[in-house]
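Here is the naming used below: chain letters follow the sequence lines, and residue numbers restart at 1 for every chain. The structure presented is a predicted model; accordingly, all values stated were derived computationally and were not measured.
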Number of protein chains: 2
Amino acid sequence: MGRRSDHSRAELEALILAEGHRLMADVGFARFSAREVAKRIGYAVGTLYNVFGSYDMLLAAINTRTFELWAAHLEDRLAAPSAERIAALVEGYFSFAADNMNLWTAIYDHRLPLDMAMPEALVTRRAALTEVVVREVAAILPPETKDRAPRLARSLVATVHGHCTFALNGSFALLGETAPLEMAIARVRESLIAAGATIAD
Amino acid sequence: MGRRSDHSRAELEALILAEGHRLMADVGFARFSAREVAKRIGYAVGTLYNVFGSYDMLLAAINTRTFELWAAHLEDRLAAPSAERIAALVEGYFSFAADNMNLWTAIYDHRLPLDMAMPEALVTRRAALTEVVVREVAAILPPETKDRAPRLARSLVATVHGHCTFALNGSFALLGETAPLEMAIARVRESLIAAGATIAD
DNA sequence: AATTTAATTGAACGCTGATCAATTAAAATA
DNA sequence: TATTTTAATTGATCAGCGTTCAATTAAATT
């Protein structure tokens, strides 16, 4: 068939994704552009559209990759926890966001058009992040209430997300708060203890 | 002086702000443009730049107005609370965001360049929102711990913000959560009770 | 009436996402 | 090998964006 480059379709997709992810990390959502990705990999803009279909789908793919790196980061922290596991989880949430601000921010900056659904495959890959938290929450809930872990875990992720957002966008600093991470950990502990969890320290 | 329109400088600023706010509500952050605002009020683009200095400052002004409407909405809910006051506050946070999605979202979509500080006047006006929450939290804390109200209030706002974000961006729905508001209220109550607050219901 | 002053303009610049007829080269066929 | 078919790739083109600033306009001053 008429391909004329060194790359198979799958390789090309991976190439675009890798360079797109790099560009997003470098310049952030507002300055990201498909043209710049194309220029950096030596292809024309049209090729990116052929491979990903639209700008939105390219962004969705890039952000999904970020989700996966984020989940891996959490697992890293849990593999050699420097604190109690729940605190390590919250710290991992924060440190990934802080160390990858542009990537992390892009996840929430990008919204698909209302008439455009996230492909099932991407949904599944993104869900892995929450699943780590569900597992850890279930592990410390009393056996008879473990079925509450999914809902509680999602709610705690939301709690941490809010604190992380305000920490990184400067809202906390503006209001004089100097220890957002400690605040987030405290709120999560309170809710877990209210749910009957047993936490060390 | 050489003004040639019907509007004083202050009136023109108010006109741009009003129309800009309307456009933001209509089309959202991604489709908002200074050119479209100019077209709608019958001025040239350059005039908006003369009045606001930059696109960023126009957006900051529009979002500050949204903050004020939001705070007013909270006070409305508190004036005739349909539930216990803290629950009414959380409900007010959610309902403003849900009823003004484009405006609410724009607050967090827009970030000033790192080398550009938010004007002090705007910071002050935005802070009014948090002050409502600080006041309500202080009112239910034991007298001897009222000095903890500011930090705790900010943290609870972050908690609610996270839940509201996930509720509106579809994260909760995607994970099967159907009652984000109730979740947020539960988390806030747990933290307030842990801090020794007395809450009705 | 002539001059000064300041508000307002809008063409120009370099960028964006998106499209799609034209081009290219590999694969299939004769 | 020569021809035809097929599909990957291109990039000019379009409409739009934020931003600038010399030129224009009209009000205020002299």
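- Between the P atom of dA26(C) and the NE2 atom of His7(A) lies a distance of 15 Å, rounded to the nearest Å.
- Heavy-atom contacts from other residues, nucleotides or ligands closer than 6.0 Å to CZ of Arg31(A) number 12 or fewer.
- Proximity of Tyr43(B) to the phosphate of dT8(C): a side-chain N or O atom is located under 4.0 Å from OP1 or OP2.
- Rounded to whole Å, the distance from CZ on Arg9(A) to C1' on dA8(D) is 7 Å.
- Between Leu12(A) atom CG and dA7(D) atom P there is a gap of 17 Å when expressed in whole angstrom units.
- Atom NZ of Lys39(B) and atom C1' of dT8(C) are 19 Å apart (whole Å).
- Residue Ala44(B) has its side chain nearest to dG10(C) when only dG10(C), dT10(D), dT8(C) are considered.
- Scored by the ring-ring contact (aromatic ring centres under 6.0 Å, His included) test, Tyr93(A) finds Trp70(A) as partners (sequence neighbours excluded).
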Name the pairs: protein N/O against N/O of nucleotides 16-20 of chain D, kept only if under 3.5 Å.
| unit_1 | atom_1 | unit_2 | atom_2 | d |
| --- | --- | --- | --- | --- |
| dC17(D) | OP1 | Ser33(B) | OG | 3.0 |
| dG18(D) | OP1 | Ala34(B) | N | 3.3 |
| dG18(D) | OP1 | Tyr55(B) | OH | 2.9 |
| dG18(D) | OP2 | Ala34(B) | N | 3.3 |
| dG18(D) | N7 | Arg35(B) | NH1 | 2.3 |
| dG18(D) | O6 | Arg35(B) | NH1 | 3.0 |
| dG18(D) | O6 | Arg35(B) | NH2 | 3.3 |
| dT19(D) | OP2 | Tyr49(B) | OH | 2.5 |
| dT19(D) | OP2 | Tyr55(B) | N | 2.8 |
| dT19(D) | O5' | Tyr49(B) | OH | 3.4 |

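- Salt bridge status for Glu36(B) with Lys39(B): present, with a side-chain N to carboxylate O gap under 4.0 Å.
- Counting to the nearest Å, the P atom of dA8(D) and the CZ atom of Phe52(A) are 15 Å from each other.
- Nucleotide dA7(C) holds its C1' atom 15 Å from the CG atom of Leu15(B), rounded to whole Å.
- For Glu177(B), the salt bridge (charged side-chain N to carboxylate O under 4.0 Å, His left out) partners at least two apart in sequence or on another chain are Arg151(A), Arg154(A).
- By the 6.0 Å contact criterion, CZ on Arg148(B) is open, its count of non-hydrogen atoms from other residues, nucleotides or ligands being 12 or less.
- Rounded to whole angstrom, the span from the CG atom of Asn50(B) across to the P atom of dT25(D) amounts to 17 Å.
- Salt bridge annotation for Arg22(B)-Glu19(B): present, with a cationic side-chain nitrogen under 4.0 angstrom from a carboxylate oxygen.
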